[in-house]
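Have a look at the structure below before the remarks.
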There are 2 protein chains.
Amino acid sequence: MSEDTETHARLGEIGLTNFAPYLMNRIMGRYNAMIREEMADVGLTTPKMRTLAVLSVVEGPLIRELAVYTVVEQSTLSRALDQLQTEGLIRREADASDSRAVRVFLTDAGRATFETLWPHMAASAARLFKGIPDEEQRAFVATLQKMLTNIRKHEI
Amino acid sequence: MSEDTETHARLGEIGLTNFAPYLMNRIMGRYNAMIREEMADVGLTTPKMRTLAVLSVVEGPLIRELAVYTVVEQSTLSRALDQLQTEGLIRREADASDSRAVRVFLTDAGRATFETLWPHMAASAARLFKGIPDEEQRAFVATLQKMLTNIRKHEI
DNA sequence: GAAGGATATTTGCATTTGCATTTAATTCTG
DNA sequence: CAGAATTAAATGCAAATGCAAATATCCTTC
């Protein structure tokens with residue numbers, strides 16, 4: 001075996017349904033599609049919805065941090081924020097010590113909107129885990145946390 | 001509690017990093033971005049790359065089946081197939097018994113291309129699981145399989 | 001066996017996306 | 001401390017996306 005060739009089983013040998021990234025893309029594809037369909041009725045896109053969700057938990061992040069949390073391109077996020085701001089759901093605020101930077105906050109209206117969204121998101125998440133014991137769910141989340149540590153680019 | 005109100009912990013109480021869909025989106029966002037950057041060099045988009053991957057394992061699926069496997073909108077897939085066909089990597093073939101339907105096959109060139117891609121995909125997947133014991137990985141995949149069963153729309 | 005409804009795929013078109021660039025401000029270096 | 005390099009966010013623009021409609025075929029039912 002040459003020095004730059006790692007050995008990997010072929011995909012055919014593993015099988016699609018044993019290849020974790022395939023399963024995760026399938027699952028999140030459906031989950032995100034379900035959420036997106038529900039949000040479209042309220043005039044929210046995926047970036048906008050995720051922004052509200054993250055802001056309900058993280059207080060006044062920088063836009064680039066928000067981009068990491070929401071897993072949305074910074075330029076796309078910038079435009080989503082324009083819309084949310086116009087709709088009065090978020091507010092941009094110049095950072096105190098760095099005037100290049102902008103911090104983002106949920107308005108009361110934004111928080112109220114997210115409160116109406118959350119039950120749908122929670123219900124979809126619950127559906128994912130239907131019939132899976134708590135113990136197994138906890139182990140699953142613990143593995144996910146390790147995986148995020150393995151792959152993430154930012155310290156966030 | 002009213003009959004249509006399920007009780008769900010608030011996101012702030014769970015915490016982002018304990019909410020499985022958040023973690024899964026973060027992880028797959030990075031994983032897909034890594035793959036996409038590598039594939040861009042070879043002129044492949046995500047839909048095209050996934051098409052090759054699935055076809056390496058599934059023989060001659062219908063286009064609508066391929067859309068499910070690849071988690072790509074059917075119209076987007078149709079255009080990705082146009083490109084792959086032009087590049088000589090796949091071939092469309094009318095279904096024998098239903099002339100509306102089209103089956104898709106990898107050409108030899110397509111298979112060869114995928115062989116060069118696979119090591120990158122496998123390496124990225126391996127990176128995800130670095131430091132995670134085999135036993136834990138197996139349990140994780142088993143949980144994913146249950147989740148896919150819970151959420152999937154198609155019998156595929 | 002003709003008409004109406006369902007299904008498979010493609011295509012038109014408006015929107016969304018993401019890359020690359022720009023603008024503005026900060027930090028580093030000699 | 002001036003100039004170069006870096007960083008944060010917004011924006012221009014071409015390409016990708018997704019919805020809805022169009023096309024073609026198949027299935028059902030009367």
Side-chain angles (χ1 to χ4, degrees), chain A residues 25 29-30 32-41 43-51 55 60-86 90-105 153-156, chain B residues 25 29-30 32-41 43-51 60-87 90-105 153-156:
Chain A
N25 273 322
R30 278 301 312 144
N32 290 328
M34 282 171 55
I35 302 285
R36 180 156 32 82
E37 282 160 27
E38 293 183 327
M39 297 307 152
D41 304 335
L44 288 171
T45 59
T46 299
K48 289 165 74 178
M49 176 276 285
R50 287 189 186 171
T51 295
L55 290 180
L62 298 177
I63 290 180
R64 74 179 163 75
E65 292 170 344
L66 193 55
V68 174
Y69 285 124
T70 56
V71 196
V72 168
E73 271 293 311
Q74 200 256 329
S75 60
T76 302
L77 180 60
S78 178
R79 285 180 265 247
L81 292 174
D82 289 346
Q83 292 183 38
L84 288 168
Q85 193 165 27
T86 301
I90 62 118
R91 142 178 80 78
R92 283 177 169 104
E93 199 168 294
D95 183 76
S97 65
D98 185 342
S99 63
R100 289 170 304 181
V102 177
R103 296 193 174 275
V104 187
F105 297 86
K153 200 177 180 178
H154 309 86
E155 273 314 306
I156 298 178
Chain B
N25 272 323
R30 278 302 311 145
N32 290 328
M34 283 171 55
I35 302 285
R36 181 154 32 81
E37 281 160 29
E38 292 183 328
M39 298 305 152
D41 304 336
L44 287 172
T45 60
T46 299
K48 288 165 75 177
M49 176 276 283
R50 288 189 185 170
T51 296
L62 297 178
I63 290 180
R64 73 178 164 75
E65 293 170 342
L66 192 56
V68 174
Y69 285 123
T70 56
V71 197
V72 169
E73 270 293 311
Q74 214 245 17
S75 60
T76 302
L77 180 61
S78 178
R79 285 180 264 249
L81 292 175
D82 289 346
Q83 291 182 39
L84 288 169
Q85 193 166 29
T86 301
E87 294 157 11
I90 61 119
R91 141 177 78 77
R92 285 177 167 104
E93 198 169 295
D95 184 76
S97 65
D98 183 344
S99 63
R100 291 170 304 181
V102 177
R103 296 192 172 277
V104 186
F105 297 86
K153 201 176 179 178
H154 309 86
E155 275 314 307
I156 297 179

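Just so we're on the same page: letters track the sequence lines, and every chain starts at 1.
Contact between the side-chain N/O atoms of A:Arg92 and the OP1/OP2 oxygens of D:dA9 is not found at any separation under 4.0 Å.
For A:Asp95 and D:dT7, the CG to P distance is 17 Å, given to the nearest whole Å. Rounded to whole Å, the distance from CG on A:Asn32 to C1' on D:dT17 is 15 Å. Atom C1' of nucleotide D:dA9 and atom CG of A:Leu77 are separated by 10 Å, given to the nearest angstrom. Note: CG (B:Asp82) to P (D:dA15) measures 17 Å, nearest angstrom. Rounded to an integer number of Å, the gap from B:Ile63 CD1 to D:dA24 C1' is 14 Å. Rounded to whole Å, the distance from CG on B:Leu62 to P on C:dT10 is 11 Å. Across the protein-nucleic acid pair, A:Leu66 atom CG and D:dA10 atom P stand 11 Å apart, rounded to whole Å. Between the CZ atom of B:Arg64 and the C1' atom of C:dT7 there is a distance of 8 Å, given to the nearest Å.
At least one side-chain heavy atom of B:Arg30 sits less than 4.5 Å from a side-chain heavy atom of B:Met34.
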query = Could you write nucleotides 14-27 of chain C as a row of B, S and -, 5' to 3', where a protein heavy atom under 4.0 Å of any base atom gives B, of only sugar-phosphate atoms gives S, and otherwise -?
reply = ---BBB----BBS-

Would you mind writing out the side-chain donor-acceptor pairs for residues 63-81 of chain A within the sub-3.5 Å range, not counting sequence neighbours?
residue: A:Glu65; atom: OE1; partner: A:Leu62; partner atom: N; Å: 3.0
residue: A:Thr70; atom: OG1; partner: A:Leu66; partner atom: O; Å: 2.7
residue: A:Thr70; atom: OG1; partner: A:Ala67; partner atom: O; Å: 3.4

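Counting only distance, with no hydrogens or angles, the side chain of A:Lys48 and the backbone of A:Met39 share no donor-acceptor pair below 3.5 Å.
In this structure, the separation between CD1 on A:Ile90 and CD on A:Gln83 is 10.5 Å, given to the nearest 0.5 Å. To the nearest 0.5 Å, atom OG1 of residue A:Thr45 and atom CZ of residue A:Arg36 are 10.0 Å apart.
Salt bridge annotation for B:Arg92-B:Asp82: present, with a cationic side-chain nitrogen under 4.0 angstrom from a carboxylate oxygen.
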message = Run A:Asn32 and A:Arg50 through side-chain contact (heavy atoms from CB on, under 4.5 Å) and show every step you take.
response = CA-CA 11 Å; A:Asn32 290 328; A:Arg50 287 189 186 171; 3.6 Å; yes

query = How is the base pairing of DNA chain C summarised as a dot-bracket string, given the Watson-Crick and G-U wobble criteria with both distances under 3.5 Å, [ ] for crossing and | for another strand?
reply = ||||||||||||||||||||||||||||||

